[in-house]
Amino acid sequence: MRKYDASEIEPKWVKIWEEEGRHRASDDPADTRPKFYALDMFPYPSGDLHMGHAEAFSGGDVVARYRTRQGFNVLHPIGWDAFGLPAENAAIKRGVPPAEWTYANIEQQAASFKRMGMSFDWSRRLNTCDPSYYRWTQWLFTKFFERGLAYRKTSPVNWCPRDATVLANEQVIQGACERCGTMVERRDLTQWFYKITDYAQRLVDDMEQLDAWPERVKLMQRNWIGRSQGAEVTFTIKETGEEIPVFTTRPDTLWGVTFFVFSVEHPAVRRLAELGGTWDQVKPLLDKVRATSMNSREEVDTKDGVFLGTHAVNPVSGEEIPCYAAPYVLMGYGTGAIMAVPAHDERDFAFARTHGVPVRAVIQPRDGEPMDGDTMTQAYAGEGIMTNSGPFDGEETPASIEKVVKWLEQEGRGKGTVNFRLRDWLISRQRYWGAPIPIIHCPTCGEVAVPESDLPVELPTDVDFELGGESPLARHPSWKHVACPTCGGEAVRDTDTMDTFVDSSWYYLRYCSPDYPDGPFDPAAVAKWMPVGQYTGGVEHAILHLLYSRFFTKVLFDMGMVSFTEPFPKLMNQGQVIYGGASMSKSKGNMVEPMPIVERWGADSVRLIMLFAGPFEDDIDWKLIAGDDPGRRPGVHSWLSRVFTAVGEAAERGFAVAEPEGLVRLTHRTIQWVTADLEAFRINVAISKLQVLTNEIRVALDGGSGAMDAARTLVQLLGPLAPFIAEELWRVDLGQPDSVHVSAWPVFDPVLVMDETVQLIVQVDGRVRDRIDVAADIGEGDALALAKASENAQRAVGEREIVKEIVRAPKLVNLVTRG
RNA sequence: GCCGGGAUGGCGGAAUUGGCAGACGCGCGGGUCUCAAAAACCCGUGAGCUAGCGCUCGUGAGGGUUCGAUCCCCUCUCCCGGCACCA
């Protein structure tokens, strides 16, 4: 009998599958199979594959293989998100050109993916740093530019001093650079933006289509977009007569406004402070705010603020109220100025009490103590009845808000409006290893897009990567000097490159027709394959990549290039692989690499470790599943050994020896269970069902019976999970002529999955007292009679009287007693 | 602070969503084989009581609904994640 040796089996099949040209998605029009697009978030080539890759791609590969077996024409592509800072930083550190470092890592990862048995269509492989790809990234930029969706503006931006580049809002996590953790600084710079805010409403609305997304991801996107409905109301500055609009979600509190607050950075502040004679107090505050990074306000005190010496006029009451400048009002949201209602807003309340501003309650809760502005100790932000509000006294939220808005509009004092937290997407980066922004700055023509015929704008290779001063492209002696495409005069290229998230916002479209020469994608191929059937990847992309890709898709829809508005209707997030409760990292010295384990125990084992450890979405703590020795023999390897010998023995015995009926039934139930589990992506549970079947096959064989059908089924069901051992057993031991991975998914016999007998649970007062084997179609009367006849049940009832009989034939009888 | 998601044996996790809690696996204990080890195989493994048939307790804590609650409702504790002056 052969022994299971993955190192002997697996490399053999890698080679054979490659020779046989497996896993190609078919673009043959004669192929009538329904399509299925199984997409994995493409990797960044930072080195060899890590555990996170092993988990995510194992899950994605199960989907692709399972759908293939179900008769779908499956597109399961792979590529690399190959631009980005690590390559450039490696170049600075080691003197290796970014391209060289990147391509070497890609080759390494590609080899590892093959070794792991990933069923990728290698003919479609792409990478974003290839000019044949970024040509179209640039082309898309020019189209966005034409539509006014790419524009340049000067504004305060997040600057990472360590990476020497600006960052998008989405790349700043709690005030720090997402990539290197350095606290970002704020700089006023002229930068390129994509106008994602134009799509804010649609990005919210279309989430309705995403029922098959994890709720938390949708929630994160909703919070990030931050839609709030309210009104814009215009206040007038008494001293100058200028009109300053504010945004509020509570126009019903307009009669409770007792002061007015500008953001310290508001353009009117300096003028008004000088007029009011308070500029010498405001200026230090402004300097302090400017010095603080944009996203972290931990050093800013809510109660900080300075009276400007000027006043605003409340448009509904005509009342004059003092104007303040305070850091708690943000310049980047709403209008940069607010009406303050201390009685009904926590922050306004704190500010008012500190600065001695009156508090006036204008909303009374429906029940409980009435509020008094002079004595209340905290703001009341809830719903209630309007008081001290002129014509609106007695109106109740939420209807009152609508009434006030309507009235403001009629009176011309304001209007209903919606505000978003989402800002435009800053896409310029002052670094080298990215797609150059295809814009030429001409002294006469202004910003001119590089014409399509001149694309791609290729990166020069003779570049000085050292950090400092200008970006590498800006420092290059000749690269930026070009003739203006419009007037032919002397002009310069934009020397910034695009955020790598731009590259990854459309790669899934390129896979549909990776060699298409006339555009970013062949519209017919995209119409065929998109949208994605299942998208698999890490939750760390919940906001960035997924939001940007959704935005791109909507722009392309508006351009008439695609016919759908959401690219990924179904999303699965795998958990993280951690060690001892902490994320794995080189600096912590707790890294466990997948490839050494593949070498030692086999790719099938590594895949199964990942898939069996728990639900796909949950984190895997390697220390908990493998103990202190990360190289220990995995439990799933023992199982595969048992599968290997059991199937081998069953094959030797063949069909000549009869199979027990119980095993036949279990086989069909296993098909039913595993199919349902894979449909629901409960892979860990599916594996446990296969283990049960394996155990029963073992029992049958040890009892001298045959197990050929069960063994064949086991191998077929195992295929998507452990492709190597399944193929070896299928083709060698079971002698099948073609690959198990193209065999039809087994179907169960509905008669055989039904139980003939079941265990009737007999309870007395809700406690289990007996279990009786009964026919599955037993009637209620018979079930009750059997239950009452049970000695154990009778003993439990004792002298008491049975007052109620619950019968749920054939599963359960519950006798309820009294006495 | 606000918004989500959790909490089940020594560990990872099951439980057809109101009907046998702990499937399957890891680990551990005992055994077979072996000169020995590894591997493989067999038995046991929630806690307590009991010679035994069995009994009692048990799904973070407390309460409720129900014949019956890991599952539904209320209160609380702790853990994880996201956002954090967004007017």
Side-chain angles (χ1 to χ4, degrees), chain A residues 3 173-175 214-224 226-228 230 246-250 253 261 263 295-298 300-302 326-330 332-341 344-348 350-351 381 419-423 539 542-543 576 581 608-609 612-615 617-621 623-627 632-636 638-639 641-642 645 672-673 676 682 684-692 694-695 698 702 759-771 791-792 795-796 803-808 811-817:
Chain A
K3 268 191 83 178
I173 309 297
Q174 298 191 341
E215 271 311 313
R216 63 170 170 160
V217 175
K218 284 196 276 188
L219 198 82
M220 280 162 73
Q221 291 219 354
R222 219 171 263 129
N223 288 344
W224 188 263
R227 180 185 192 276
S228 38
V246 300
F247 174 73
T248 177
T249 52
R250 291 296 298 272
T253 63
V261 191
S263 165
N295 291 49
S296 89
R297 293 298 193 91
E298 71 278 0
V300 176
D301 186 350
T302 313
Y328 84 89
V329 175
L330 303 174
Y333 183 77
T335 63
I338 62 157
M339 57 180 228
V341 187
H344 306 295
D345 181 280
E346 241 179 83
R347 297 150 301 174
D348 296 348
F351 191 91
N419 244 295
F420 293 95
R421 210 189 76 116
L422 183 70
R423 308 294 150 75
V539 73
I543 294 172
Q576 280 191 76
L608 288 172
I609 290 168
F612 189 54
E617 313 80 49
D618 289 7
D619 288 353
I620 296 174
D621 193 328
K623 190 171 182 179
L624 292 180
I625 62 166
R632 189 173 73 189
R633 174 184 162 96
V636 290
S638 314
W639 172 50
S641 295
R642 283 187 296 130
T645 49
Q672 183 184 30
W673 286 333
R682 290 188 302 251
N684 56 323
V685 184
I687 291 170
S688 75
K689 304 285 167 58
L690 293 176
Q691 291 175 335
V692 171
T694 308
N695 294 344
R698 190 68 255 163
D702 290 343
Q759 274 203 339
L760 177 73
I761 304 303
V762 181
Q763 295 183 336
V764 175
D765 296 323
R767 292 169 181 281
V768 178
R769 296 301 179 184
D770 207 354
R771 304 174 175 88
E791 272 181 44
N792 286 345
R795 188 169 52 227
V803 293
K804 199 168 180 181
E805 293 150 348
I806 312 277
V807 184
R808 297 279 181 275
K811 291 172 79 171
L812 175 129
V813 172
N814 187 11
L815 304 173
V816 185
T817 68

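All of these numbers come straight from a predicted model, not from anything done at the bench. Below, chains carry the letters A, B, ... as their sequence lines are ordered, and counting in each starts from 1.
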Which helical stems does RNA chain B take part in, if a stem means at least 3 consecutive Watson-Crick or G-U pairs with both distances below 3.5 Å? B:1-7 with B:77-83, B:10-12 with B:24-26, B:27-32 with B:40-45, B:46-49 with B:54-57, B:60-64 with B:72-76
Taking the same atom, [atom1], in [N] and in [M], what whole-Å distance lies between them?
N: rG12(B); M: rG62(B); atom1: C1'; answer: 29 Å
N: rG10(B); M: rG5(B); atom1: C1'; answer: 26 Å
N: rU8(B); M: rC83(B); atom1: C1'; answer: 31 Å
N: rC71(B); M: rA21(B); atom1: P; answer: 14 Å
N: rU50(B); M: rA23(B); atom1: P; answer: 26 Å

[X] side-chain N/O to [N] phosphate OP1/OP2 under 4.0 Å:
X: S641(A); N: rA39(B); value: no
X: R633(A); N: rA38(B); value: no
X: Y333(A); N: rA87(B); value: yes

Check every strand shown and say whether G635(A) touches a base, only sugar-phosphate, or nothing at a heavy-atom separation below 4.0 Å. sugar-phosphate
What class does the angle between the rings of Y333(A) and F247(A) fall in, given that below 30° is parallel, 30 to 60° is tilted and above 60° is perpendicular? perpendicular
Pairing residues for [X] by the side-chain contact (heavy atoms from CB on, under 4.5 Å) criterion, not counting sequence neighbours:
X: T335(A); value: E232(A), P245(A), V246(A), A337(A)
X: Q221(A); value: M207(A), W213(A), L546(A), L547(A), R550(A)
X: E346(A); value: none

Heavy-atom donor-acceptor pair, S263(A) side chain to V329(A) backbone, under 3.5 Å: yes
Show each protein N/O and nucleotides 7-15 of chain B N/O combination with a separation under 3.5 Å, one pair to a line.
unit_1	atom_1	unit_2	atom_2	d
rG12(B)	O2'	A613(A)	O	2.3
rG13(B)	O3'	N684(A)	ND2	3.4
rA14(B)	OP1	N684(A)	ND2	3.3

Earlier contact from the 5' end, RNA chain B, for T335(A) and N695(A): N695(A)
How do R250(A) and R698(A) order along RNA chain B: which one's closest nucleotide is nearer the 5' end? R698(A)
Residues forming a side-chain hydrogen bond (donor to acceptor under 3.5 Å, both in side chains) with E805(A), sequence neighbours excluded: K788(A)
Could you pull out all residues at least two apart from D619(A) that satisfy side-chain hydrogen bond (donor to acceptor under 3.5 Å, both in side chains)? none
Round to a whole Å and report the spacing from CG of N419(A) to C1' of rC85(B). 15 Å
rG19(B) C1' sits how many Å from Q759(A) CD, rounded? 14 Å
For N792(A) and R795(A), does a side-chain donor sit closer than 3.5 Å to a side-chain acceptor? yes
Hydrogens and angles aside, do N223(A) and R421(A) bring a side-chain donor and acceptor to less than 3.5 Å of each other? no
Got a sec, which residues hit ring pair (Phe, Tyr, Trp, His ring centres under 6.0 Å) with F612(A), two or more places apart in sequence or on another chain? none
Taking only distance into account, with no hydrogens and no angle test, what donor-acceptor pairs under 3.5 Å do side-chain atoms of residues 762-769 of chain A form with protein atoms, sequence neighbours excluded?
unit_1	atom_1	unit_2	atom_2	d
D765(A)	OD1	T817(A)	N	2.8
D765(A)	OD1	T817(A)	OG1	3.4
D765(A)	OD2	T817(A)	OG1	2.8

Contact state string [nucleotides 44-59 of chain B, B base, S sugar-phosphate only, - no protein heavy atom under 4.0 Å]: -----------SSS--
Where do N or O atoms of nucleotides 81-83 of chain B meet protein N or O atoms at under 3.5 Å, pair by pair?
unit_1	atom_1	unit_2	atom_2	d
rC83(B)	O3'	R421(A)	NH1	3.3

Filtered N/O pairs between nucleotides 66-69 of chain B and protein, under 3.5 Å:
unit_1	atom_1	unit_2	atom_2	d
rC67(B)	OP1	K804(A)	NZ	3.0
rC67(B)	O2'	N814(A)	ND2	3.4
rC67(B)	O2	N814(A)	ND2	2.4

